[in-house]
Amino acid sequence: MNDWKRQKGIGKTRNSPSMVAKRYTMPAAAAEQLKRVASSFGSQGRAIQVATEILSRMEAPPAAEVKTREMTRTTFRLHNSTAELIEALSRKLYDNDRAQVFAACVKVLKMKRIRI
């Protein structure tokens with residue numbers, strides 16, 4: 001009877017081999033904006049997945065300058081590929097700073113016109 005309540009891709013033990021729960025440090029403003037934007041994507045993890053995929057395909061990704069001292073630690077349940085993509089983007093574009101990746105993700109999600 002309770003089988004219909006389970007989320008897709010997650011077993012009875014609530015964990016999946018293709019999903020990981022990771023804690024990231026990010027600007028508090030980006031975390032708040034991500035919460036607001038995430039409702040249209042279904043979840044924060046899905047919003048981050050979409051944003052990182054778009055960000056990885058952009059010719060000129062937005063510069064995300066994190067100058068605020070107000071940081072927060074947030075846990076996200078992400079697919080393994082999304083977590084790896086966040087790490088790759090931080091190494092390649094943002095000087096090993098994952099906070100800048102999340103700030104850029106929020107910028108991408110708020111863009112009206114995306115040029116890939």
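- Two residues are said to be in side-chain contact when any heavy atoms from C-beta on lie closer than 4.5 Å; Ile86 and Ile48 meet this criterion.
- Residues passing the ring-ring contact (aromatic ring centres under 6.0 Å, His included) test with Tyr94, sequence neighbours excluded: none.
- Expressed to the nearest 0.5 Å, how far SG of Cys105 lies from NZ of Lys110 amounts to 13.5 Å.
- By the side-chain contact (heavy atoms from CB on, under 4.5 Å) test, Val108 is found to be paired with Ile54, Leu55, Met58, Pro62, Ile114, residues two or more places apart in sequence or in another chain being considered.
- Lys107 contributes a side-chain N or O that, together with a main-chain N or O of Ala63, makes up a donor-acceptor pair within less than 3.5 Å.
- For the residue pair Ser56 and Leu89, the shortest heavy atom distance occurs at CA-CD2, 4.0 Å.
- Ala88 is linked by a side-chain contact (heavy atoms from CB on, under 4.5 Å) to nothing, counting only residues two or more places apart in sequence or in another chain.
- With sequence neighbours excluded, the residues forming a side chain to side chain donor-acceptor pair (under 3.5 Å) with Glu87 are Arg98, listed by chain and number.
- Across all non-hydrogen atoms, the minimal contact from Ala47 to Leu34 is CB-CD1, 4.2 Å.
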Please tabulate, one pair per line, all N/O donor-acceptor pairs under 3.5 Å involving side-chain atoms of residues 19-31, not counting sequence neighbours.
from: Arg23; atom 1: NE; to: Thr75; atom 2: OG1; distance (Å): 3.2
from: Arg23; atom 1: NH2; to: Thr75; atom 2: OG1; distance (Å): 3.1
from: Thr25; atom 1: OG1; to: Arg73; atom 2: NH1; distance (Å): 2.7

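- Within the structure, every pair that satisfies the salt bridge (Lys or Arg N to Asp or Glu O under 4.0 Å) test and touches residues 43-55, not counting sequence neighbours, is listed here: Glu53-Arg57.
- Interatomic distance, CD of Gln49 versus CZ of Phe76, reported as 13.5 Å (0.5 Å rounding).
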